[in-house]
**Q** 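Questions regarding the structure given below will be posed in turn.
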Protein chains: 2
Amino acid sequence: MLDATDEKLLRLLTANSREATSSLARKLGLSRSTVQERINRLIDRKVIAGFTVKTHEEYEGKLITAHVLVSIDQKYAQQAIGLMKTHSHIKTMYVVSGAYDLIAIVKAPKMEEIDQTLDFILGINGVNKTNTSLVLSAKKES
Amino acid sequence: MLDATDEKLLRLLTANSREATSSLARKLGLSRSTVQERINRLIDRKVIAGFTVKTHEEYEGKLITAHVLVSIDQKYAQQAIGLMKTHSHIKTMYVVSGAYDLIAIVKAPKMEEIDQTLDFILGINGVNKTNTSLVLSAKKES
DNA sequence: CGATAATTCCGTCAATTTAACGGAAACAAT
DNA sequence: ATTGTTTCCGTTAAATTGACGGAATTATCG
């Protein structure tokens with residue numbers, strides 16, 4: 001579907017969508033018109049939906065984020081997921097396979113609330129283990 | 001902080017960050033150079049963090065996603081992060097505190113490529129342990 | 001295999017856009 | 001009124017773009 005050049009182009013545009021087509025072309029070792037066509041193709045093929053701004057969200061930026069891996073007894077899984085869904089600081093949840101069963105992305109303005117959310121998760125019936133990683137910084141954002 | 005013009009400009013750029021400065025200027029009723037300055041000011045004032053690509057969820061949706069927790073020797077950390085940044089299937093990276101040091105979000109269309117990416121990560125100097133969770137489904141998305 | 005179609009690529013030209021100035025208004029703060 | 005700051009503008013040479021037609025490469029199929 002996407003060849004290596006498309007992916008590199010996509011990465012460059014993701015890093016800076018305002019970079020001039022000519023500049024992209026130089027970095028990709030292609031002619032400017034080719035890059036132009038590739039971008040148009042990516043748009044036509046619905047790979048690229050558009051170009052936008054990344055804002056330093058005063059709000060989002062100030063939130064503390066934690067990735068919480070959760071291990072749950074299979075028979076309590078649905079119930080636990082249902083409960084966690086309702087918690088306001090649990091922003092995203094992924095059902096996964098691996099050493100854990102669920103990844104919960106927790107965001108809150110204060111560490112105290114992150115703590116309380118972790119306590120909430122640990123208190124849920126069927127949850128037997130968690131592993132929390134506090135996000136210090138994002139090195140690459142898509 | 002932001003005047004009405006800045007907000008309108010921000011809205012235009014959010015809709016299409018690749019729009020030419022001249023075109024923005026016409027829509028805003030300002031000279032091109034003024035708009036250029038305003039954009040630079042927005043960047044300097046940390047309102048705009050960057051310009052990026054919006055991808056279609058249909059495309060994103062077809063990708064297999066894995067959350068990879070990575071444990072790295074502190075002294076190799078920067079080097080490892082630099083290397084991982086360049087890998088096309090590593091879409092996002094968080095520096096974290098906890099049992100691991102880094103979380104890499106890996107996305108690829110085929111399981112094989114996920115595998116290869118994990119091998120790539122494990123092969124990096126200083127990486128001593130990883131823990132991979134394959135995303136089966138998202139139960140809640142922010 | 002060979003012919004044909006489709007895709008990807010490139011160079012080119014005229015028109016537009018950009019970066020980088022210096023200086024004019026507008027606005028505050030004394 | 002004066003000084004300083006911010007926002008704005010016009011101007012230039014240099015860079016970039018859009019829009020071609022056609023070459024080179026890859027697929028497709030009879």
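Side-chain atoms are counted along with the backbone in the values below, which use heavy atoms only and exclude waters and symmetry mates. Model, not experiment: these values are computed from the prediction. Residue numbers begin at 1 in each chain, while the letters A, B, ... track the order of the sequences.
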**Q** Kindly check if the number of other-residue, nucleotide or ligand heavy atoms within 6.0 Å of NZ (A:Lys8) is above 12?
**A** no
**Q** Rounded to whole Å, please give me the gap between CG in B:Leu2 and P in D:dT7.
**A** 11 Å
**Q** Is a donor on one side and an acceptor on the other found under 3.5 Å between the side chain of B:Asn131 and the backbone of B:Leu69?
**A** no
**Q** Is there a side-chain polar atom (N or O) of A:Ser22 under 4.0 Å from OP1 or OP2 of D:dT17?
**A** yes
**Q** Short question: side chain of B:Arg18, backbone of A:Glu19 - any donor-acceptor pair under 3.5 Å?
**A** yes
**Q** Measure CG/B:Asn40 against P/D:dT7 and give the value in whole Å, please.
**A** 13 Å
**Q** Under 4.0 Å: is that the gap between some side-chain N or O of B:Arg38 and OP1 or OP2 of D:dC8?
**A** yes
**Q** Using 4.0 Å as the upper bound for N to carboxylate O, is an ion pair formed by A:Arg41 and A:Glu37?
**A** yes
**Q** Could you tell me how far apart A:Asp3 (CG) and C:dC9 (P) are, to the nearest whole angstrom?
**A** 7 Å
**Q** Toward the 5' end of DNA chain C, which comes first, B:Glu19 or A:Arg41, by nearest nucleotide?
**A** A:Arg41
**Q** Side chain of B:Ala20: nearest nucleotide among C:dC9, C:dT17, D:dC9?
**A** C:dT17
**Q** Between D:dC9 atom C1' and B:Leu28 atom CG, what is the distance in whole Å?
**A** 15 Å
**Q** Give a yes/no on whether any side-chain N or O of A:Arg18 is located under 4.0 angstrom from OP1 or OP2 of C:dT17.
**A** no
**Q** Could you give the CZ-to-P distance, from B:Arg45 to D:dT6, as a whole number of Å?
**A** 10 Å
**Q** Within the pair A:Thr34 and C:dC10, is there a side-chain N or O less than 4.0 Å away from OP1 or OP2?
**A** yes
**Q** OP1 or OP2 of D:dT16 sitting under 4.0 Å from any side-chain N/O of A:Ser23?
**A** no
**Q** Tell me whether the OP1 or OP2 atom of C:dT18 has a side-chain N or O from B:Thr21 closer than 4.0 Å.
**A** yes
**Q** Can you find a side chain N or O atom of B:Ser31 that sits less than 4.0 Å from OP1 or OP2 on D:dC8?
**A** no
**Q** Measure from CD on B:Glu37 to P on C:dG23 and round the result to the nearest Å.
**A** 15 Å
**Q** Rounding to a whole Å, what distance do you find between A:Leu24:CG and C:dC10:P?
**A** 14 Å
**Q** CD1 of B:Ile39 versus P of D:dT7: gap in Å, rounded?
**A** 15 Å
**Q** Quick one: is B:Arg32 getting a side-chain N or O under 4.0 Å of the C:dT17 phosphate, OP1 or OP2?
**A** no
**Q** The side chain of A:Ser33 lies closest to which of these nucleotides: C:dT12, D:dG10, D:dT17?
**A** C:dT12
**Q** Taking atom CD of B:Glu112 as the centre, report whether more than 12 heavy atoms of other residues, nucleotides or ligands fall under 6.0 Å from it.
**A** no
**Q** Can a side chain N or O of B:Gln36 be found less than 4.0 Å away from OP1 or OP2 on C:dT18?
**A** no
